[in-house]
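What follows is one structure encoded as structure tokens, with my remarks underneath.
Whatever order the structure lists them in is the order used to number ligands and atoms, beginning at 1. Side-chain atoms are counted along with the backbone in the values below, which use heavy atoms only and exclude waters and symmetry mates. Everything quoted here is computed from the prediction, not taken from an experiment. Residue numbers start at 1 and run along the sequence shown.
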Amino acid sequence: MAYDTIRMTLEDGLGTITLARPDKMNSLNSVMRRELLEALGQATQEARAIVLTGEGRGFCAGQDLGDASDFESLDLERTLREEYEPLLQLITDSPAPVIAAVNGVAAGAGCNLALAADVVIAARSATFTQAFARIGLIPDAGGTFWLPRLVGRARAMAMCLFTDAIPAETAAEWGLIWQAVDDEALPARAQEMGRRLANGPSVAFRLLKEAMKGAASNDFEAQLALEAKLQGEAGKSRDFREGVLAFIQKRPAKFEGR
Ligand code: T3D
């Protein structure tokens with residue numbers, strides 16, 4: 001499928017989606033949101049792991065502010081509900097793990113798009129900015145959900161109130177992201193991690209995501225019950241059998257993802 005604002009490849013179970021409006025720092029206009037929704041929809045069905053990254057010196061600068069200046073017709077609630085929410089839900093509900101490989105500036109909704117991924121790695125020169133207050137908005141696209149959970153209220157509030165650009169290494173120290181890597185190493189590292197997940201026990205990965213999602217609202221008792229139910233399902237997968245047999249036979253496991 002040919003797209004105007006993104007690129008997608010699907011190879012050996014790994015889907016790679018690249019935001020590709022580098023002259024506008026990959027900011028999200030309505031075409032990009034539509035194309036991203038279509039590509040992510042396909043990747044979540046067909047891939048066993050997904051890498052989301054950006055072209056050029058930015059990952060994503062959030063909402064295309066050129067599109068947001070027709071104040072009379074602007075309906076932010078509608079845009080968020082109809083165009084952003086489905087995208088974010090696709091990422092969080094994707095059975096395949098999603099890696100955000102943040103190659104540069106991640107600002108506003110672009111920052112929160114990255115935070116919706118299961119694993120975030122970033123180039124050392126990348127930054128994470130809750131830019132919203134600069135233009136008189138509150139964080140959206142899941143920011144108020146992820147930030148306090150990832151870095152605690154103190155850091156979350158200061159990020160949102162002061163809108164400072166947080167360098168990738170600080171973001172990793174805070175637990176906002178998984179790792180900061182050398183700029184030139186990022187693309188290869190993201191592909192290597194993606195391939196590793198694409199060759200992993202995909203049923204278990206899907207169930208792991210479900211368990212982590214449950215943990216956001218469950219009490220301990222409910223979470224234990226959820227773990228038991230999901231582990232019951234994992235224990236019926238071919239990948240579990242293969243994992244155990246491979247261990248006993250002292251060989252690497254060859255997971256089929258079922
Ligand atoms: O509307 C709704 O539906 C509500 C949803 C809102 C969600 C949000 O995301 S609100 C937050 C929106 N994003 C921002 O406020 C960030 C705006 N951008 C910046 O602050 C800076 O551009 C950056 C910090 C991202 C990068 O700075 P710098 O100095 O490295 O680059 P630059 O020169 O500012 O940007 C390069 C080009 O990208 C430039 O275009 P030009 O002048 O060369 O033609 C710039 O205008 C363009 N660009 C960057 N960000 C955006 C953008 N164009 C449109 N929208 C952007 N968000």
Side-chain angles (χ1 to χ4, degrees), residues 3-7 17-38 40 52-92 100-117 120 122-148 150-151 155-171 176-177 180 183-184 186:
Y3 294 109
D4 291 329
T5 63
I6 64 170
R7 292 194 307 278
I17 299 173
T18 307
L19 308 179
R21 298 177 73 221
D23 53 326
K24 296 292 173 199
M25 302 292 269
N26 301 322
S27 57
L28 291 148
N29 62 12
S30 55
V31 177
M32 187 188 265
R33 288 192 290 272
R34 199 177 60 241
E35 293 189 340
L36 199 47
L37 191 66
E38 203 170 309
L40 272 169
L52 179 63
T53 192
E55 184 183 316
R57 67 187 182 87
F59 171 73
C60 175
Q63 168 68 32
D64 184 326
L65 295 178
D67 273 9
S69 55
D70 184 0
F71 301 112
E72 293 311 312
S73 64
L74 202 61
D75 181 347
L76 299 191
E77 182 174 352
R78 186 207 64 77
T79 312
L80 286 165
R81 286 187 176 281
E82 293 178 10
E83 299 186 24
Y84 280 89
E85 279 178 30
L87 265 179
L88 298 157
Q89 295 280 11
L90 258 182
I91 294 173
T92 53
V102 178
N103 51 298
V105 175
C111 181
N112 297 336
L113 180 69
L115 298 185
V120 185
R124 239 174 268 288
S125 67
T127 55
F128 295 81
T129 311
Q130 293 295 318
F132 303 87
R134 289 182 195 166
I135 54 167
L137 293 181
I138 65 161
D140 59 24
T144 56
F145 181 86
W146 291 116
L147 285 169
L150 290 169
V151 298
R155 285 170 171 159
M157 282 302 284
M159 276 185 80
C160 299
L161 289 170
F162 297 117
T163 73
D164 291 346
I166 306 299
E169 281 186 356
T170 307
L176 185 68
I177 67 168
D183 286 20
E184 52 285 4
L186 183 77

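Once rounded to the nearest 0.5 Å, the distance linking CD of Gln130 with OG1 of Thr144 reads 9.0 Å. A distance of 9.5 Å separates CZ in Phe162 from CE in Met157, rounded to the nearest 0.5 Å. For the atom pair Ile17 CD1 and Glu38 CD, the distance stands at 11.0 Å (nearest 0.5 Å).
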Kindly indicate, with the supporting measurements, whether the criterion side chain to side chain contact (heavy atoms under 4.5 Å, CB included) is fulfilled by Leu36 and Leu90.
-> CA-CA 10 Å; Leu36 199 47; Leu90 258 182; over 6 Å; no
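Looking at Glu83 and Arg78, a side-chain N of the basic residue comes within less than 4.0 Å of a carboxylate O on the acidic one, giving a salt bridge.
Looking at heavy atoms from C-beta onward, Tyr84 lies out of side-chain contact with Asp140 at the 4.5 angstrom threshold.
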For a distance cut-off of 3.5 Å, show me each N or O of ligand 1 paired with any protein N or O, plus the separation.
unit_1   : atom_1 : unit_2 : atom_2 : d
ligand 1 : 3 (O)  : Gln63  : OE1    : 3.3
ligand 1 : 9 (O)  : Gln63  : N      : 2.9
ligand 1 : 9 (O)  : Ala109 : N      : 2.8
ligand 1 : 13 (N) : Ala61  : O      : 2.9
ligand 1 : 30 (O) : Arg57  : NH1    : 2.8
ligand 1 : 30 (O) : Arg57  : NH2    : 3.3
ligand 1 : 31 (O) : Arg57  : NH2    : 3.0
ligand 1 : 38 (O) : Asp23  : O      : 3.4
ligand 1 : 44 (O) : Lys24  : NZ     : 3.0
ligand 1 : 55 (N) : Leu65  : N      : 2.9
ligand 1 : 57 (N) : Ala61  : O      : 3.1
ligand 1 : 57 (N) : Gln63  : O      : 2.8

